[in-house]
Amino acid sequence: MRETNFIIENNARHLWHPMAHPAEMQAHPPRIVNAGEGVEIVDIQGKKVLDAVGGLWNVNLGYSCEPVKKAIRDQLDELPYYSTFRGTTNSPLIELSYELAEWFKPDGLSRSFFTSGGSDSVETCLRLARQYHKVNGQPERTKFVALKKGYHGTHFGGASVNGNQNFRRNYEPLLPGVIHLPAPFPYRNPFNTTDGAEIAAAIGRLFEDEIAFQGADTIAALIVEPVLGAGGVIVPHETFLPLMREICDRHGILLIADEVITAFGRTGAWTGSRLWGVKPDMMSTAKAITNGYFPFGAVMISDKVAEVFESNRNSVGNIGHGYTYSGHPVGAAAALATLKETKRLDVAANAAARGEELMAGLQALQNKHELIGDVRGKGLMCALELVSDRVKKSAAAKDVVQKVHDATYDAGVMVRTSGANVIMSPPLIVTAANVQTILTALDAGLTAART
């Protein structure tokens, strides 16, 4: 690798960063991360900080998970790549499909379709949902229902069901036939209440009203995150997802759980669907499936959906969809090792325990800092919403949010900001001491923003 001065000088000059303005990145070059160990990262200046972002919600086992690294190295020596299109497959992938069927058995999911990442997984779910209804003799079921503030990746299908204008406005027109319902958000909602059960019931009534207006026989699927992530870590009331499942069942609508973030233990349950006692028809996964060490994803498919495809005997059931890297043998090997370590360490239990400690600490910070309007989270996905006025709930200014971020980093912890939200999603192996480090650094960041 070239010397440090070269790297710093060329930072953001020749590449555009995802989710960022090219001009802003050139004016204020991004932090350069050079190393990672345990739950910490090291920047190019040698500063070591606790990574409370967990990469991007995905490095659940930290940066020093040797079994996963070894699996990748060994597979590169054995078979670095081969296609899984018709007629060929590979041994790690067959083993992984078996292990995933066992892992997701409590969710009622038994088949896998492999992808290169979360956006691919969402796109696959949307396409298979439409195809399912065609195979099932209901070709007019093409529409999708989603939630405002939901995030489902960046492909045109995912962007179309996204519920945040930041990911939509500059790319419109998007996919027609998408209906958005309000988010189950106690802090900000159109129902003039903070009661989660009332909000869930109100959204259910709107869903029923839309079904009556659109025609149930035109709707393919509802797609939801069990806990909304990029939209600001919005935790629905426990009645919400079961209500959505019941409405979908009554009207023949598929339920797609987008668990790119919430699968594999982040909420304190092994899946977000399991957290709420719901079995989806399909589930999109990625991120933590390889601990972030290899781009890989899997769509999990229920017996109900699988039976329709597998009993079909004409061309309508043929899956004309897939990716060059679907079922990549190195990714499959990484996923097998990750699943084994994830289970051995019981990271879901640790996420639940450490999440309670983190939430309690964040609530204490809210009592101390007027800048915090709302605290929310489940397991190790938590957020602070920063406001300039608690009564009006007006968002904190961009420079204030940046000051919190920078001062928190200076105090030894990397957090993520999204709008006025400060988001935390640390590795699921964090300790109680790590949680206190996060809280202490945030306290410093919030204090600095007052000056």
Problem - More than 12 heavy atoms from other groups under 6.0 Å of CD on Q26 - result: yes
Practice task
Determine whether the side chains of R376 and N421 contain a donor N or O and an acceptor N or O closer than 3.5 Å.
Solution key: yes
Handout entry: Aromatic centroids of F264 and F104 separated by under 6.0 Å
Key = yes
Exercise for the section: Tell me, yes or no, whether the heavy-atom count around K47 atom NZ, taken from other residues, nucleotides or ligands under 6.0 Å, exceeds 12. Expected result: yes
Exercise for the section: Let me see the working for L442 and V413 under side-chain contact (heavy atoms from CB on, under 4.5 Å), right down to the final yes or no. Expected result: CA-CA 8 Å; L442 276 171; V413 172; 6.0 Å; no
Exercise for the section: May I ask you to check whether over 12 heavy atoms, not counting those of K143, lie within 6.0 Å of atom NZ? Expected result: yes
Handout entry: Heavy-atom donor-acceptor pair, R168 side chain to N162 backbone, under 3.5 Å
Key = yes
Handout entry: Test item: L241 and P236 side chains (from C-beta on) under 4.5 Å apart, heavy atoms
Key = no
Problem - Q131 (side chain) donor-acceptor with V316 (main chain) under 3.5 angstrom - result: yes
Practice task
Kindly say whether V430 contributes a backbone atom to a donor-acceptor pair with the side chain of N350 at under 3.5 angstrom?
Solution key: yes
Handout entry: Between S273 and D107: side-chain donor-acceptor atoms closer than 3.5 Å
Key = no
Handout entry: Atom CD of E307 with >12 non-hydrogen neighbours under 6.0 angstrom
Key = no
Problem - Y151 side chain reached by I261 side chain, heavy atoms, under 4.5 Å - result: no
Problem - Charged N-O contact under 4.0 Å between E225 and K149 - result: no
Handout entry: side chain to side chain donor-acceptor pair (under 3.5 Å) pairs, two or more places apart, involving residues 31-40
Key = R31-D406
Problem - Parallel, tilted or perpendicular, as decided by the 30° and 60° cut-offs, for the rings of F309 and Y132 - result: tilted
Exercise for the section: Verify the neighbour count for atom OH of Y325: are there more than 12 heavy atoms of other residues, nucleotides or ligands below 6.0 Å? Expected result: no
Problem - Contact check, side chains of V308 and N312, non-hydrogen atoms, under 4.5 Å - result: no
Exercise for the section: Evaluate the ring planes of H321 and Y323, with Trp represented by its six-membered ring, and classify them as parallel (under 30°), tilted (30 to 60°) or perpendicular (over 60°). Expected result: perpendicular
Exercise for the section: Report, as yes or no, whether the 6.0 Å neighbourhood of atom OH on Y81 holds more than 12 heavy atoms from other residues, nucleotides or ligands. Expected result: yes
